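Step one of this worksheet: look at the structure below.
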Amino acid sequence: MPTRIKDFYELVYEVVACVPKGKVTTYGAIAEYLGQKGSARLVGWALNAVHQHRTDIPAHRVVNRNGLLTGKHHFPNPNQMQQLLENEKIKVVDNQIINFEKHFWNPVIELRNH
DNA sequence: TGATTGACCAACT
DNA sequence: CAGTTGGCCAATC
């Protein structure tokens with residue numbers, strides 16, 4: 001079992017860790033930032049095991065392109081994801097982020113020269 | 001080693 | 001408008 005994290009995972013974690021408080025991003029945006037637009041599923045895979053490698057990654061700030069909390073069931077406590085978002089002034093109704101566009105944080109733009 | 005699946009997305013039917 | 005398909009890559013069976 002490798003003690004080192006896969007490069008792809010590292011990149012995903014780094015991007016997620018750079019998401020400011022009160023902002024959210026999407027799987028597709030991260031994949032696009034990594035230059036692999038079609039690999040959004042890999043971002044999901046990376047986050048699936050995120051808690052096994054890094055427990056300090058705000059995975060609750062990553063949702064699908066609809067602003068839907070598709071990954072909440074993969075949290076230790078599904079309610080925690082929504083709770084954390086609401087704790088950051090992000091309103092969530094019916095597993096969906098209100099004013100998602102307003103809270104959207106695009107790594108491609110924010111980290112373009114990073 | 002081949003087949004299947006997965007916290008996705010976009011295009012097509 | 002809803003369901004299907006293709007694509008991308010890694011992990012599991």
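As the structure is a computational prediction, the values presented were derived from the model and not from experiment. Letters A, B, ... mirror the listed sequences (proteins, then strands); counts begin at 1.
Nearest heavy-atom pair, A29(A) versus V108(A), reported as atom, atom and distance to 0.1 Å: O-CG2, 3.9 Å.
A gap of 23 Å separates the C1' atoms of dA7(B) and dA2(C), to the nearest Å. Look at the P atom in both dC1(C) and dC8(B): the space between them is 23 Å, to the nearest Å. For the P atoms, the distance linking dT4(B) with dT5(C) amounts to 14 Å, nearest Å.
Across the protein-nucleic acid pair, E10(A) atom CD and dA10(C) atom P stand 15 Å apart, rounded to whole Å. In this structure, R65(A) places its CZ atom 21 Å from P of dC8(C), rounding to the nearest Å. If you take OH of Y9(A) and C1' of dA7(B), they are 12 Å apart, rounded to a whole angstrom. The distance from atom CG of N48(A) to atom C1' of dC8(B) is 13 Å, rounded to the nearest whole Å. Going from atom CG of N95(A) over to atom C1' of dA7(B) covers 13 Å, rounded to whole Å. The distance from atom CZ of F8(A) to atom P of dG6(B) is 18 Å, rounded to the nearest whole Å. Between the CD atom of Q36(A) and the C1' atom of dA10(B) there is a distance of 17 Å, rounded to whole Å. Here the C1' atom of nucleotide dC8(B) and the CG atom of L34(A) are 14 Å apart, to the nearest Å.
Nearest nucleotide to the S39(A) side chain, out of dG6(B), dC8(C), dA7(B): dC8(C). Nearest nucleotide to the side chain of K37(A), out of dC9(C), dA10(B), dA10(C): dA10(B). When distances run from any side-chain atom of L42(A) to the nucleotides dA11(C), dA10(B), dG6(B), the shortest one goes to dG6(B).
Remark: T70(A) is in phosphate contact with dC8(B), judged by side-chain N or O atoms under 4.0 Å from OP1 or OP2. For dA11(C), neither phosphate oxygen OP1 nor OP2 lies less than 4.0 angstrom from any side-chain nitrogen or oxygen of R41(A). OP1 and OP2 of dC8(C) both lie 4.0 Å or more from every side-chain N or O belonging to Y27(A).
Using the six-membered ring where Trp is involved, H53(A) and Y9(A) have ring planes that are perpendicular, over 60° apart on the 30 and 60° scheme.
The side-chain contact (heavy atoms from CB on, under 4.5 Å) test with M81(A) is passed by exactly one of V62(A), L69(A), V92(A), N95(A): L69(A).
Residue N64(A) is classed as a sugar-phosphate contact, given heavy-atom separations below 4.0 Å to backbone atoms only.
Under 4.0 Å is where a charged nitrogen must lie from a carboxylate oxygen, and between R54(A) and E10(A) at least one such pair does.
Using modelled atom types, one finds no donor on one side chain facing an acceptor on the other under 3.5 Å when comparing E88(A) with H103(A).
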